[in-house]
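All remarks here apply to the structure that follows.
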2 protein chains.
Amino acid sequence: MGDLQFKRSVELTLKVIGGKWKPVVLCHLTEGVKRFGELKRDMPDITQKMLTQQLRELEQDGIIDRKIYTQVPPKVEYSLTEYGQTLRGVLDVMADWGFKHEERIR
Amino acid sequence: MGDLQFKRSVELTLKVIGGKWKPVVLCHLTEGVKRFGELKRDMPDITQKMLTQQLRELEQDGIIDRKIYTQVPPKVEYSLTEYGQTLRGVLDVMADWGFKHEERIR
DNA sequence: TCCTTTAGTTTCTTTCAGGGTACTATGTTA
DNA sequence: TAACATAGTACCCTGAAAGAAACTAAAGGA
């Protein structure tokens, strides 16, 4: 892989899973199917707006699935798509490095 | 690894290699030792201020080494530390995923 | 009749990462 | 004696991201 392509690929990955909330959301969704409110409760510091926004972006990138139950009050379930599962490896490697880094700087 | 720890580790990694310029800088430094001006030329769109800033942060994180030659005009060489080399795997996995993702969305 | 619940949307405000430009030091060269 | 080259620093500015808080829909229950 060329150097330029390498750079672009890393940047693209960062666009999909980078930022303040995406990795956290992804992390919680690796546990399984979650409702909106559940995710919100898992992440007390995220605002509803931010959570919705991150979920929409992940959905558009094909990473997560959004299943709406037409009932009142509303019920919406989020889960990783099969494609989203392929991110697991990336997240694992990042977590590994981060964990060792944390030990190093401690 | 606990879920909370996993999340924290991923976030820490992102703090070290995330942002607009860090991955690009890192990518260029995997090619070997580079002078400041060389890096600047490799990245025409980065400002001197930003480049300096990113390099300082990477240095503080122990990822890169800064070698100053006391001569005029100044000469400063940047390179990956041994520790910085351990990021290679992380970047590789990210590049792999990003590459496949790019193919997917094309 | 009004409250509750859930998953949002809307609007306004704040924060901050990043950017532009000018300035600096200093030995060498023309 | 003036310009050049290199690797910065200082200062101010901007736009985009993030956050807070209020608002919404609509069925069911008290």
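Protein chains get the first letters and strands the later ones, always in sequence-line order, with residue 1 at the start of each.
- Comparing the end axes of the helix from C:dT1-D:dA30 to C:dA30-D:dT1, each fitted to five base pairs by superposing C1' atoms of four pairs onto the next four, gives an inter-axis angle of 30° (nearest 10 degrees).
- For the pair A:Asp45 CG and D:dA18 P, the computed distance is 14 Å after rounding to whole Å.
- Within 6.0 Å of CD on A:Glu103 lie more than 12 heavy atoms contributed by other residues, nucleotides or ligands.
- The environment of A:Gln71 atom CD is dense: over 12 non-hydrogen atoms of other residues, nucleotides or ligands sit within 6.0 angstrom.
- Note on B:Leu12 and B:Leu26: separate hydrophobic clusters, where clusters join Ile, Leu, Val, Met, Phe, Trp and Tyr whose side-chain heavy atoms are under 4.5 Å apart, directly or indirectly.
- Here C:dG18 presents its P atom at 14 Å from CE of B:Met43, a figure rounded to the nearest Å.
- Using modelled atom types, no side-chain atom of B:Lys40 and backbone atom of B:Arg35 make a donor-acceptor pair closer than 3.5 Å.
- Spacing between atom CD1 of B:Ile46 and atom P of D:dG8 amounts to 13 Å, rounded to whole angstrom units.
- Here the P atom of nucleotide C:dT26 and the CD1 atom of B:Ile68 are 15 Å apart, to the nearest Å.
- Separating the CG atom of B:Leu39 from the P atom of D:dT6 is a distance of 14 Å, rounded to the nearest angstrom.
- For DNA chain C, the neighbouring residues in residues 7-28 of chain B, judged by any heavy atom under 4.0 Å, are B:Gly19, B:Lys20, B:Trp21.
- A:Thr13 places a side-chain N or O within donor-acceptor distance of the main-chain N or O of A:Ser9, the cut-off being under 3.5 Å.
- Computed from coordinates, the B:Lys49 NZ to D:dA10 P distance equals 12 Å when rounded to whole Å.
- Across D:dA18, C:dG18, D:dT9, the shortest atom-to-atom separation from the side chain of A:Met50 is found for D:dA18.
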Filtered N/O pairs between nucleotides 5-7 of chain C and protein, under 3.5 Å:
{"unit_1": "C:dT6", "atom_1": "O3'", "unit_2": "A:Arg35", "atom_2": "NH2", "d": "3.1"}
{"unit_1": "C:dT6", "atom_1": "O3'", "unit_2": "A:Pro74", "atom_2": "O", "d": "2.8"}
{"unit_1": "C:dA7", "atom_1": "OP1", "unit_2": "A:Arg35", "atom_2": "NE", "d": "3.0"}
{"unit_1": "C:dA7", "atom_1": "OP1", "unit_2": "A:Arg35", "atom_2": "NH2", "d": "3.0"}
{"unit_1": "C:dA7", "atom_1": "OP1", "unit_2": "A:Val76", "atom_2": "N", "d": "3.4"}
{"unit_1": "C:dA7", "atom_1": "OP2", "unit_2": "A:Gly37", "atom_2": "N", "d": "2.9"}
{"unit_1": "C:dA7", "atom_1": "N7", "unit_2": "A:Gln48", "atom_2": "NE2", "d": "3.4"}

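- Annotation: side chain of A:Lys100 is not in contact with side chain of B:Thr86 (no heavy-atom distance under 4.5 Å).
- The separation between A:Glu57 atom CD and C:dG8 atom P is 15 Å, rounded to whole Å.
- Clustering ILVMFWY residues whenever any of their side-chain heavy atoms sit less than 4.5 angstrom apart, transitively, puts B:Leu29 in the very cluster that holds A:Met1.
- Taking the side chain of B:Gln54 as heavy atoms from C-beta on, and the options C:dG18, D:dG19, C:dG8, the nearest nucleotide is C:dG18.
- A cation-pi arrangement is not found for A:Arg56 relative to A:Phe36, the charged atom failing to lie both closer than 6.0 Å to the ring centre and inside a 45° cone about the ring normal.
- A:Gln71 places its CD atom 13 Å from the P atom of D:dG29, with the value rounded to the nearest Å.
- The shortest distance between side-chain heavy atoms of B:Val76 and B:Arg66 falls below 4.5 Å.
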### Task
Apply salt bridge (Lys or Arg N to Asp or Glu O under 4.0 Å) to the pair A:Lys7 and A:Asp3, showing each step before the final yes or no.
CA-CA 6 Å; A:Lys7 188 194 87 181; A:Asp3 211 52; over 6 Å; no
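- B:Ile68 and B:Leu58 fall within a single hydrophobic cluster, where Ile, Leu, Val, Met, Phe, Trp and Tyr are joined by side-chain heavy atoms under 4.5 Å apart, directly or via other members.
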